[in-house]
Amino acid sequence: MFTLIHEKMVYGRRVEVLAECFATVIPDDINILDVGCGDGLVASKIIEKKKNVNIKGVDIVPRKRGYIDISMYDGEKLPFADNQFDAVIFSDVLHHASDAKKLLIEALRVSSKYIIIKDHLCESPYDDLRLRMMDWVGNARHGVPLPYKYFSRAEWNSMFGELELKTDEWIENLELYSFPLNLVFSKGLHFIALLEK
């Protein structure tokens with residue numbers, strides 16, 4: 001039942017809103033690696049909205065269909081040269097990683113300039129409960145690892161500071177879901193950040 005609700009009421013709008021939000025923060029004329037891209041649908045929508053970007057994807061879970069060029073990788077070592085891309089995108093990926101900071105360090109290796117992150121903010125046990133529910137409904141059926149490890153704004157900022165990443169843009173309250181789901185699953189839980197090396 002939850003899967004059906006997700007497909008009918010959540011997925012399509014979420015893809016469109018995410019692509020629009022990413023398109024507003026992504027600089028022009030850049031080459032991007034989308035880490036944990038899934039089927040690449042969000043990336044393909046970004047390309048439609050911002051035609052002067054190129055996006056290649058990598059993931060640890062193969063999908064039946066890919067909307068962009070996608071390679072598999074081991075979840076730790078990105079199979080690309082140093083500074084091969086202008087930017088790396090993580091769209092709801094870092095909270096699935098066994099070590100988010102280590103994966104960010106690897107992204108910094110292959111990116112010459114930017115890290116772009118869409119992820120969650122977890123400031124309370126209630127936030128944690130809502131995020132766990134969203135994660136399970138959206139990802140369990142795809143075999144995506146679910147460590148349920150979410151960070152507060154202070155924890156994100158601390159990580160960015162340790163990695164000497166400068167926040168160029170920060171967007172919250174993305175309104176990913178339609179009414180009434182947005183009342184429970186949108187407010188205060190999502191952000192997009194454009195970070196510069």
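Side chains of W156 and L94 form a contact here, defined as non-hydrogen atoms less than 4.5 Å apart. Side-chain contact between Y73 and D59 is absent, with no heavy-atom pair separated by less than 4.5 Å. Counting heavy atoms from C-beta on, the side chains of T24 and I171 come closer than 4.5 Å.
With rounding to the nearest 0.5 Å, the separation of CD1 in I60 from SG in C37 is 11.0 Å. Distance check: L41 CG to I46 CD1 gives 10.0 Å after rounding to the nearest 0.5 Å.
A 6.0 Å sphere centred on CD of E164 holds no more than 12 heavy atoms belonging to other residues, nucleotides or ligands.
The side-chain hydrogen bond (donor to acceptor under 3.5 Å, both in side chains) check on T167 picks up nothing, with sequence neighbours excluded. E20 is linked by a salt bridge (Lys or Arg N to Asp or Glu O under 4.0 Å) to K49, counting only residues two or more places apart in sequence or in another chain.
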Handout entry: Worked check of salt bridge (charged side-chain N to carboxylate O under 4.0 Å, His left out) between E16 and K45
Key = CA-CA 7 Å; E16 290 297 331; K45 296 290 185 180; 3.4 Å; yes
Practice task
Report the C-alpha separation of R130 and D127 in whole Å, then their side-chain angles, then the decisive distance to 0.1 Å, and conclude whether the salt bridge (charged side-chain N to carboxylate O under 4.0 Å, His left out) test is met.
Solution key: CA-CA 5 Å; R130 293 183 292 163; D127 291 350; 2.5 Å; yes
N/O donor-acceptor pairs under 3.5 Å from side chains in residues 97-106, not counting sequence neighbours:
from, atom 1, to, atom 2, distance (Å)
D99, OD1, K101, N, 3.3
D99, OD1, K102, N, 3.0
K101, NZ, E162, OE1, 2.4
E106, OE1, R109, NE, 3.2
E106, OE2, L78, N, 2.9
E106, OE2, R109, NE, 3.2
E106, OE2, R109, NH2, 2.6

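Note: H95 and Y150 have tilted aromatic rings, judged against thresholds of 30 and 60 degrees for the angle between ring planes.
A donor-acceptor contact closer than 3.5 angstrom links the side chains of K56 and S71.
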